[in-house]
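Everything on this sheet refers to the single structure shown next.
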Amino acid sequence: MFYDFKKIEKKWQNTWEKSKSFHAQVNPAKKKFYLLEMFPYPSGKIHMGHVRNYTIGDVASRFKTLEGYNVLHPMGFDAFGQPAENAAIKNKTKPDTWTHKCIREMEIELKKMGFSYDWEREVSTCDSFYYKWNQWVFLKMFEKGLAYKKSSTVNWCPSCQTTLANEEVIEGGCWRCHSKVEQKDLEQWYLKITDYKERLLEDLKQLNDWPERVLSMQANWIGKSQGVEIYFRVKQADKVIPVFTTRVDTIFGATYIVLAPEHPLVKELIKGKPQEKEVLAFIEKVSQESKVVRASSDVKKEGVFTGVFAVNPVNNEEVPIWIADYVLMEYGTGAIMAVPTHDQRDFLFAKEHKLPMRIVIQKTENKGQKAEELKEAYEEDGIQVNSGEFNGLKNVEAKVKIADWMEKKGIGKIQTHWRLRDWLISRQRYWGTPIPIIYCPKCGVVPVPDKDLPVELPKDAPFTGEGGSPLGKVKKFVGVKCPQCKGKARRETDTMATFFDSSWYFLRFCSPKFKNGPFDEKEAAYWMKVDQYIGGIEHAILHLLYSRFFTKFFKDLGMIDFDEPFKRLLTQGMVLKDGEVMSKSKGNIVDPDIMIEKYGADTLRLFILFAAPPETELEWDSRGLEGAHKFLNRDWRIQDSLKGKADLSLSRILHKTIQKVSQDFREFKFNTAIASLMELTNAIYQSGADKEVFAKLIIMLSPIAPHFCEELWKVLGNKESILKAGWPQVDPKMLVEDNVTIVVQVNGKVRLKIEVAVDISEAKLKEIVLADKALVPWIQGKPVRNFILVPKKLVNIVV
RNA sequence: GCCGAAGUGGUGGAAUGGCAGACACGUCGGUCUCAAAAACCGAUGGGGUUACACCCAUGUGGGUUCGACUCCCACCUUCGGCACCA
C-alpha cells in the first residue's frame, strides 16, 4: 500500500493556509524564536539550493513550534536587480510586470514544498511601500554624514554598464556576469561603512554561533593591520614622505624607499632631474596596465630611480627614492620603505636593480652571515643586529620599543590601516530604488523631504539594457522643483545597489505593514534578534557585512538596542550533481518541481536532509530519493499493524530515540536524527508498535515530512493539527538499563564482550573478567599491570 | 604567501578519547509469485580460513595515552576566502 502524496500534500497545504497556522503575533508571555532564511531573488523557479536552504529552515521552525516557542518565520522577495531588466528586454515586457509574475510563480512553488511561512508578512523590495524606507534610511545616513558623493576611480562592469562595490568584484571580475572589471573616474554615492570598521571587527567576537570561516572571511575583508607610519625627509627639498610598515623592527635595514607611480609627490620630485623623462615614461607605461595584470605576483617587479634621495630618520642614512609598479597607491601611504633582507618582494627588486642590503634580524646560529649570502629574504623572527641601541633584543620586543622610541622622537607614529573601503552604492540602472536626492543650481545637493517619499520609480522608463541611467531619459522624473528654493532642479538618476534593500529586510519582517517608519520599534524589540539565520556561504562578506553595518546604524539612531542582527548563522552547503554545482550552463539541473510531482514534497525534504549534514556539500542521488520515499511508505504501513501495549525494550528504544532526535534537531544534525527515526521504525517492524510509540514517531518526523505526518496524526484519531501536539518528552527512567555489555580489551585490543548488571562493583567485575577462560591466551599468567575501567562501557587489562 | 574548512568501505555518510563503518544507497542471496514488480528477511571494509581463530585498515610520517578517526607536531592533497596589503 502506498500513500497518496499528491492528495495529502495539497489537502494539508490548504488546511494550513485556511487556518493561518503559521501566522505569528507578539505574545510577551511566550518565548519567541525568529527563524529566517535568506530571501530569494524571484527568478520564477526555485532550484535545489532553495529547497535545501528552506527545508533546513522549515524543520528548525516546526521543531521550535512543537517545543512551544512563539515562532516568527517570514518569507519575501529580494526583487530589484538587473536580471529583471534583461529578462524584460528579452521577453518584451517590463521589469515590473516580469518580476511580479515571477513572484507569483515562486510563491506557488514554495507553497508546494509545504514551508511554514507567515505569508501575511511577505515583503517585496520592489514595492514602493518597501523601498520608501530604503530612501528614508538613505536620507538618515545623509543627514548623519554617512551617505556622501565623491569623485573617484571606481570599478566599472562594461557588460552590466554599471559601477560595482569592492565587495562585488571577485577575482577582478563582475560578481554577476564575470566580465573583466574596468576602472573609471566617476562621481558616485558612497556609504561610510568605514566609520564602523572598528565595531564591525570587534563585534565579530560576539558571534560565537557563526561558522569560523565566515568570521575569518569578514575579519580578512575588514583587514586591520597595525604598524608605524615613518617620516622620511627628502634630501634638498622641503618635503616629507610618510611610509607605512608593520615591520618597524626592520627599519635599520631600510636601504631605499619606493613610491607608487601614482604618488602625488613623484612629479614634483623629478622636476628638472636628468631622470625626469625616463620616470614619466615608466609612469605612463604602468598606467596602461590593467589592475589585474599589475596585481599578479608572477610578473617581474619593474621600477626606476628618481634621482632623488631621502633620509632614514633612525640613522640619518641617505637612501635612494625609487618608483615601482609593485607599490600600490590604494594601500597605506602609497610609499614603502624597502628592506630587501627581510621582505621577499624587496629582495627580488633589490637583486634586480643592484640595490644595497643589510641584515638587521638574525637567528643566533646564523651569526656573522652577510647580506650577500642570502638566497631569499629572512622573514621570520630573530635577534636584532645592526640596529643601534636595539641590538641584542628579540625582534618581537624591539618592534614595540622602536615604535615607542620613534613616536617620542617625532619621527614615526603608531598607526592602524584598514582594507575596508567605503561602500559605493550608485548604480546606473533602472530596476532599483531611486536615490532620493535633488540637484539644484542654486542650493546644490538637496535631500528629498520625508513627506515627498517615496520617490517612485517611473513605470514607463525606456530601459534598453544599454545602461547610462535609464531614469535620465524620463523627463517627468528628472525635472523637479527644488524643495528649498522652488526653482528648477534635477533629480538624481542613479539607483541604489540592491544589497541596500536586503541590509535591513529582517527588521521589516517584524512589522511589514508599519507606516510610520522602516519598522515598529516595539515589534522589533520583541522579535529581534534573528535567533537563527540560514543561507548560502556566497553571502559571507557582502550581505552579512552590510546587514551588520545597518544594524549598528539603527542602534546609533536609538531605534534598537542590540549591535548584531543574527545570533546564530548556518551556511548550508551547495547541491551538486556528478560532483559539480548544478547550473544551466552545465545542463545538470534537477528541477524540484518534477521531483515533487514524482515523489512528493515530503520525500524531497526527507532526502535532502538525510543525504548530508546541512553545512557540507550534497551530492544529488536519485536512488537516495527513492530510498527516502521507501522509508515513508514503510512508516505508512505501520498503521495497519498497530497492536497492544509496547514491550519494554521497544519503549526503551523510543525514549532513546526521543533523546537523540531532540539533541540532533537542536544541533541541526538532521541526517543522524533521521537515521534514529529509521532505527525506531526498524524496531517497530521487529516487535510491532502500540499507538503511543507510533504517535511519538510521527510527531518527531513531522517537522521533516509535515503533510505525511499530519495525515497519519489524523488517522490516529486526533482532531487538532500535529503542530499542537507538543514535542515528546524523554522519560529518564526508560533510559536506565538493567544489564550492560562491557567490552573487554587486553592491551587495547578487544578480546571479549560480557553482559553484566549495570550496578556491578568494580571489584566484582574485575573478578569475573579475570576469571574468564576466553582471556587465557592473552593473559597466560602474565602479571596484570593495570586494570582500567570505563563505567558501563569497557575495561582494559594491561599485561 | 596568509587565513579558514576538509580527507573514513563500491557510494552518501556515522562515531570528537573507549567495540571504526550507525543509518541509507548499491550489490549478492533468500521468502512470496506462473513470472515480474513491490514488500519482507539475511549477507556485504580488505587479507585469511571449509568454517573459526587471527592479522591489516580512518591522506602520510612521528608523538602523547592503558587506549587515537578523535589530542599534539611535521608533511601531502582537495576546496573556499584574501593577497605585490608593505
Side-chain angles (χ1 to χ4, degrees), chain A residues 1-2 170-171 211-221 223-225 227-228 243-248 250 254 257-258 260 294-301 324-328 330-339 342-346 348-349 379 417-419 537-538 540-541 571 573-574 607 610-613 615-628 630-631 633-634 637 660 669 671-679 681-682 685-686 741-753 777 785-799:
Chain A
M1 185 167 88
F2 297 94
I170 313 289
E171 288 175 5
E212 194 52 44
R213 60 173 171 163
V214 175
L215 294 175
S216 111
M217 277 159 79
Q218 293 232 345
N220 254 330
W221 187 261
K224 184 178 187 173
S225 116
V228 179
V243 306
F244 178 71
T245 182
T246 54
R247 289 296 306 273
V248 72
T250 65
I257 69 174
V258 191
R294 193 173 150 188
S296 60
S297 46
D298 40 313
V299 171
K300 199 157 82 185
K301 301 179 189 347
D325 57 356
Y326 77 96
V327 176
L328 307 174
E330 309 90 82
Y331 189 78
T333 60
I336 62 155
M337 65 172 200
V339 186
H342 304 294
D343 181 290
Q344 186 60 15
R345 289 158 307 173
D346 297 342
L348 294 172
F349 191 81
E379 294 181 337
H417 280 263
W418 302 77
R419 225 189 69 91
I537 186 72
E538 67 274 17
I541 295 170
T571 51
M574 288 189 285
F607 165 72
F610 183 56
E615 266 137 330
T616 57
E617 290 179 335
L618 183 150
E619 176 69 31
W620 181 262
D621 176 8
S622 48
R623 284 186 298 210
L625 193 71
E626 282 176 38
K630 202 162 96 179
F631 167 66
N633 272 318
R634 253 164 87 79
R637 279 191 301 270
K660 170 80 175 147
K669 290 155 97 177
N671 55 334
T672 49
I674 293 167
S676 300
L677 293 172
M678 286 174 167
E679 283 179 85
T681 298
N682 291 342
Y685 265 77
Q686 300 286 332
T741 304
I742 300 282
V743 173
V744 181
Q745 297 183 332
V746 179
N747 288 342
K749 296 213 175 204
V750 180
R751 299 300 181 191
L752 180 71
K753 288 171 198 178
R785 280 199 289 150
N786 207 345
F787 186 87
I788 287 142
L789 172 74
V790 181
K792 293 177 203 173
K793 262 192 186 151
L794 170 143
V795 296
N796 190 10
I797 303 160
V798 187
V799 295

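No experiment lies behind these values; they were computed from the predicted model shown. Residue numbering restarts at 1 for every chain, and letters A, B, ... go by the order of the sequence lines.
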Can you identify which nucleotide, out of [options], has its nearest atom closest to the [X] side chain?
{"X": "A:Asp325", "options": "B:rC41, B:rA86, B:rC84", "result": "B:rC84"}
{"X": "A:Trp221", "options": "B:rC82, B:rA14, B:rC19", "result": "B:rC82"}
{"X": "A:Tyr685", "options": "B:rC19, B:rA14, B:rC41", "result": "B:rC41"}
{"X": "A:Leu794", "options": "B:rC19, B:rC56, B:rG81", "result": "B:rC19"}
{"X": "A:Arg345", "options": "B:rC85, B:rG4, B:rC40", "result": "B:rC85"}
{"X": "A:Arg419", "options": "B:rA86, B:rC56, B:rC85", "result": "B:rC85"}

Problem set entry | Set of residues satisfying salt bridge (Lys or Arg N to Asp or Glu O under 4.0 Å) with respect to A:Asp343, sequence neighbours excluded |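 Testing A:Asp343 for salt bridge (Lys or Arg N to Asp or Glu O under 4.0 Å), a comparison that skips the adjacent residues, returns A:Arg345.
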
Seminar exercise, completed: A:Arg247 meets the salt bridge (Lys or Arg N to Asp or Glu O under 4.0 Å) criterion, sequence neighbours left out, with A:Asp249

For this session: Using the closest heavy atom to pick a nucleotide of RNA chain B for each, name whichever of A:Glu212 or A:Val795 lands nearer the 5' end.
Result: A:Glu212

Integer angstrom distance from the [atom1] of [N] to that of [M]:
{"N": "B:rC76", "M": "B:rU44", "atom1": "P", "value": "40 Å"}
{"N": "B:rG17", "M": "B:rG26", "atom1": "P", "value": "34 Å"}
{"N": "B:rG4", "M": "B:rA86", "atom1": "C1'", "value": "23 Å"}
{"N": "B:rG18", "M": "B:rA37", "atom1": "C1'", "value": "46 Å"}
{"N": "B:rU50", "M": "B:rA15", "atom1": "P", "value": "39 Å"}
{"N": "B:rG30", "M": "B:rU78", "atom1": "P", "value": "46 Å"}
{"N": "B:rG10", "M": "B:rC71", "atom1": "P", "value": "25 Å"}
{"N": "B:rA38", "M": "B:rG48", "atom1": "P", "value": "35 Å"}

Pairs under 3.5 Å (N/O, protein and nucleotides 23-31 of chain B):
residue	atom	partner	partner atom	Å
B:rA24	OP1	A:Asn682	ND2	2.9
B:rC25	OP1	A:Lys630	NZ	3.2

Exercise. Is A:Pro613 touching bases, backbone alone, or none of the nucleic acid, heavy atoms closer than 4.0 Å?
Worked result: sugar-phosphate

Problem set entry | Sugar-phosphate only, base, or nothing, as touched by A:Val790 at under 4.0 Å among non-hydrogen atoms |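 Here A:Val790 touches the bases of the nucleic acid.
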
Exercise. Think A:Arg637 has a side-chain N or O under 4.0 angstrom from the OP1 or OP2 of B:rC40?
Worked result: yes

Taking [X] for the side chain and [Y] for the main chain, is one N or O donor matched with an acceptor at less than 3.5 Å?
{"X": "A:Gln218", "Y": "A:Ala540", "value": "yes"}
{"X": "A:Tyr685", "Y": "A:Arg634", "value": "yes"}
{"X": "A:Gln745", "Y": "A:Leu794", "value": "no"}

For this session: Using whole Å, report how far CG of A:Leu752 lies from P of B:rA53.
Result: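 The distance from CG of A:Leu752 to P of B:rA53 comes to 13 Å, rounded to the nearest Å.
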
For this session: Check the angle between the aromatic planes of A:Tyr331 and A:His417 and answer parallel, tilted or perpendicular using the 30° and 60° thresholds.
Result: tilted

Seminar exercise, completed: If one requires at least 3 consecutive Watson-Crick or G-U pairs with distances under 3.5 Å, the stems of RNA chain B turn out to be B:1-7 with B:76-82, B:10-12 with B:23-25, B:26-31 with B:39-44, B:45-47 with B:54-56, B:59-63 with B:71-75

Exercise. What is the minimum heavy-atom distance between A:Glu615 and A:Arg213, and which atoms define it?
Worked result: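 Where A:Glu615 meets A:Arg213 most closely, the heavy atoms are O-NH2, 4.4 Å.
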
For this session: Going by the side-chain contact (heavy atoms from CB on, under 4.5 Å) test, name the single residue among A:Val790, A:Val744, A:Val743 that passes it with A:Val795.
Result: A:Val744

For this session: Output all residues satisfying ring-ring contact (aromatic ring centres under 6.0 Å, His included) with A:Phe610, sequence neighbours left out; order by chain, then residue number.
Result: none

Problem set entry | Protein-to-nucleotide contact annotation, 5' to 3' order, nucleotides 65-79 of chain B [B base; S sugar-phosphate only; - none; under 4.0 Å, heavy atom] | -BS------------

